Amino acid sequence: MQHYLEGLNAQQLEAVQHVDGPLMIVAGAGSGKTKVLTTRIAYLMDHGVDAFNILALTFTNKAAAEMRERVEKILGNREARNLYIGTFHSIFAKMLRVDAPKLGYPSNFTIYDSDDAKSVIKSIIQEMDLDDKHYKPNYVYNRISAAKNSLIDPVAYRNDTFIQQEDVRSKHPSIADIYERYVARCFKNGAMDFDDLLFKMHELLTTVPEALIKYQRRFKYILIDEYQDTNASQYAIIKMLGAMHENICVVGDDAQSIYSFRGATVQNILQFRDDYDDVKVVKLEQNYRSTQTILHVANNIISNNRKQIPKELWTSNVTGEKLIIARTLTDNDEGKFVSDAIKEQQMRNHFANKDFAILYRTNAQSRSFEESLRRMNIPYKIYGGISFYQRKEVKDMLAYLRLVVNTRDEENLKRIINYPARGIGKTTIDKIILHANEQQLTFWETIERGSGNAKVDDFVRMIRVFQSFLETKNAYDLASEIGKRTGLLQELHNDKTVEGLARYENVQELLNSIKEFTETPDEEGELLDKSIGSYLQQITLLTDADNDDDENADTVKLMTVHAAKGLEFPCVFVVGLEEQLFPSAMAMYDRDDLEEERRLFYVAITRAKERLWVTYSNSRYRFGTLIQNDPSRFLEEIPAEHTDKSYAAPTQRGSIFQQPGRQTATQVQPSAASQLKQIADKLAASTAVPAHQPSADFKADDPADMAVGMKVEHQKFGFGTILTMEGGSQNRMASIDFGNGVVKKIVLNYAKIRIVR
DNA sequence: GAGCGATTAATTTTT
DNA sequence: TTAATCGCTC
């Protein structure tokens with residue numbers, strides 16, 4: 001009967017069979033966390049708990065969908081559909097759709113994504129006559145977001161001396177005012193931003209007792225995934241929801257906490273034991289994912305962090321291959337190295353495309369990999385970046401729908417009142433706003449009462465027609481009518497450029513997605529909200545990663561390390577291991593930030609099952625200019641006995657790629673990577689120099705300060721004397737005598753050289 | 001008010 | 001490098 005418990009180890013079983021009372025599962029990377037979580041839900045249901053009484057909160061829609069699917073599979077019936085499984089944001093949005101009127105919001109409230117929020121903030125900054133060069137909307141938004149995530153409202157923000165000091169010190173004393181206006185504006189617009197979905201949920205539970213009791217009664221069992229990534233408002237909400245039954249199960253790994261920039265506090269998981277009496281703690285320490293080598297490296301890296309829950313990850317898997325550390329000259333070479341290595345692995349070890357992932361710190365790094373993969377005809381897919389729903393043309397179309405559903409929303413109204421162009425310009429709009437403020441009306445109410453402007457009146461009539469369609473047409477028909485009658489589709493269709501074509505197709509795709517939404521039949525017993533309002537609220541919370549149409553497509557996956565959390569791949573490339581990049585320049589000067597970067601690196605490494613590459617480049621393009629970075633400090637934390645560094649590229653590009661009289665592009669070659677390795681090996685052998693350990697305080701000096709005769713230290717070659725120097729400031733070279741007859745020509749801009757004083 | 005070319009600013013990470 | 005904004009002309 002309970003066959004689904006077979007195959008669990010002792011700790012996993014312990015976690016699964018714990019039914020009542022608070023439970024904390026400390027789940028190391030690859031320790032079967034999702035399996036435990038889903039099996040536990042199935043176990044609860046198997047032991048008489050009604051699915052309607054179980055709430056499971058995750059951070060991504062994908063994790064939620066996977067969980068539901070797996071529970072369903074274990075149970076073999078359709079009960080799992082009654083579970084409340086979803087992201088914090090989507091579950092709370094659903095609840096607020098019912099209860100928002102109690103807080104003065106329409107139940108059809110609009111959800112602002114961060115772009116929407118930033119543009120509201122920007123217009124407020126401009127209205128306040130502040131300089132938006134100094135008050136950058138992005139900065140202000142992050143400040144406000146952090147406040148909301150800590151449950152600090154505008155009044156508390158203003159009264160918090162520490163926050164005020166920070167704002168004064170950073171010369172942004174008006175943020176409190178902006179915050180206040182922003183909140184008022186969102187309310188007036190009947191809109192909530194991402195943070196509001198948590199903030200307002202908390203407000204609902206604290207100010208409306210019957211709502212609190214309703215949800216407390218309903219959710220007898222609460223499970224929270226990735227607990228280390230919860231912020232203060234999520235924490236407070238969970239605490240309240242769970243207070244009646246205290247059947248709270250949190251799963252997390254402090255070593256994988258990588259969202260503090262979004263307000264997450266590791267403290268939540270570190271202190272969980274103090275929050276409740278009799279907390280049962282289960283540690284999952286057996287890793288089923290990675291080779292011993294990969295795990296050793298990961299353990300070693302994370303041991304450089306100070307704050308953590310003590311645990312020892314181990315595995316009974318094979319030792320596996322050494323990890324390969326490769327250096328390249330440029331970012332393009334890095335791309336080429338990775339695609340070469342992929343091709344080589346495919347030929348030698350029969351890996352499929354989908355067995356590979358390339359993980360980077362920032363989205364902007366994807367370019368060089370895309371190019372080289374494309375050149376080698378390796379199919380790939382990029383995750384993240386600009387999501388479909390953030391594209392301008394899609395947002396324009398959505399703005400109409402949002403306005404029709406919620407006319408309070410001034411932002412979306414302003415977005416489309418003159419798009420496609422219908423002769424309603426800035427002057428007219430300013431006049432309306434002025435009038436609206438005088439009359440204490442919303443923008444829409446003002447123009448609805450007649451504006452004295454024929455073009456505006458036409459616009460009002462058109463929107464009203466759309467509103468009447470809400471009653472008579474389904475979401476898809478309404479959307480296509482809007483596309484036709486506004487001239488939006490025509491406008492895009494007229495643009496025959498490649499981009500224009502893509503924009504047109506994107507809007508068509510949006511229409512298709514609406515169609516799909518309306519046509520998905522209600523499952524038996526299930527009451528789905530098929531209104532356009534419900535659709536709009538859902539999609540704003542969707543990300544690109546959730547469009548799992550080609551989850552199993554045979555493509556190489558490219559994504560940020562953040563996006564890779566929770567995933568695993570046989571072969572992983574972690575790229576761009578350079579100071580200023582990984583660790584990020586933003587996080588290098590603060591111990592806590594740096595430790596988070598290290599956890600991020602830990603997350604990246606632990607994605608790999610079998611093989612792992614770590615690459616870095618001497619130089620790369622940034623804003624169109626070449627910049628040079630030192631190798632990442634994290635590289636030094638990888639134990640040498642587990643690495644193969646023979647892939648370091650030679651220091652002079654021409655020596656490999658431009659040998660005269662050799663190979664033409666059309667010749668059939670052994671894979672480029674193996675060839676590259678052979679040459680690199682040869683080169684390494686011929687230039688072999690006793691390994692040099694740089695001095696503890698090794699720090700590269702500016703080449704401009706160097707002169708003939710100086711004593712210098714090279715990172716690899718050790719101590720030497722400059723014999724001659726040549727070349728201009730851009731490309732300065734030096735011959736350096738390293739003793740024992742070793743004289744080397746060094747490009748000073750590339751090499752890291754310290755002047756011995 | 002619309003459309004075009006010129007200037008400039010930007011890169012962490014995401015629900 | 002690219003995307004967005006600015007300012008000028010029609």
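Just so you know, these numbers come straight off a predicted model, no measurement behind them. Every chain is numbered from 1, with letters handed out A, B, ... down the list of sequences.
If you check every strand for non-hydrogen atoms under 4.0 Å, A:Lys122 touches sugar and phosphate atoms only. Here A:Ala364 lies in heavy-atom contact (under 4.0 Å) with a base. The residue A:Thr540 sits apart from the nucleic acid: no heavy atom pair falls under 4.0 Å. Residue-level contact check: A:Phe194 touches the bases, meaning some heavy atom is under 4.0 Å from a base atom. A:Lys136 comes within 4.0 angstrom of the backbone, heavy atoms only, and of no base. Within the 4.0 angstrom heavy-atom criterion, only backbone atoms of the sugar-phosphate kind lie near A:Gly425; the bases stay farther away. Residue contacts shown for A:Thr625 are absent, as no nucleic acid heavy atom lies under 4.0 Å away.
Annotation: the span from A:Arg503 atom CZ to A:Glu491 atom CD amounts to 9.5 Å, rounded to 0.5 Å.
Comparing B:dT14, B:dT12, B:dA10 by their closest approach to the side chain of A:Ala563 singles out B:dT14. When distances run from any side-chain atom of A:Phe261 to the nucleotides B:dT13, B:dT15, B:dT11, the shortest one goes to B:dT13.
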Check the pair A:Tyr259, A:Glu596 against side chain to side chain contact (heavy atoms under 4.5 Å, CB included), reporting the backbone distance first and the verdict last.
-> CA-CA 8 Å; A:Tyr259 280 107; A:Glu596 179 149 318; 5.5 Å; no
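At whole-Å resolution of the value, CZ in A:Arg367 and C1' in C:dT1 are 8 Å apart.
Heavy atoms from other residues, nucleotides or ligands lying under 6.0 Å from CD of A:Glu69 number 12 at most.
With the nearest nucleotide of DNA chain B identified for both A:Arg422 and A:His89, A:Arg422 has the one nearer the 5' end.
Contact annotation: A:Asn138 side-chain N/O to B:dA10 OP1/OP2 distance is not under 4.0 Å. Look at A:Ser584 and you won't find any side-chain N or O under 4.0 angstrom from OP1 or OP2 of B:dT13. Taking 4.0 angstrom as the limit, A:Asn418 places a side-chain polar atom (N or O) nearer than this to OP1 or OP2 of B:dA2.
For A:Arg599 and A:Asp254, the salt-bridge test fails: no basic side-chain N is under 4.0 Å from an acidic carboxylate O.
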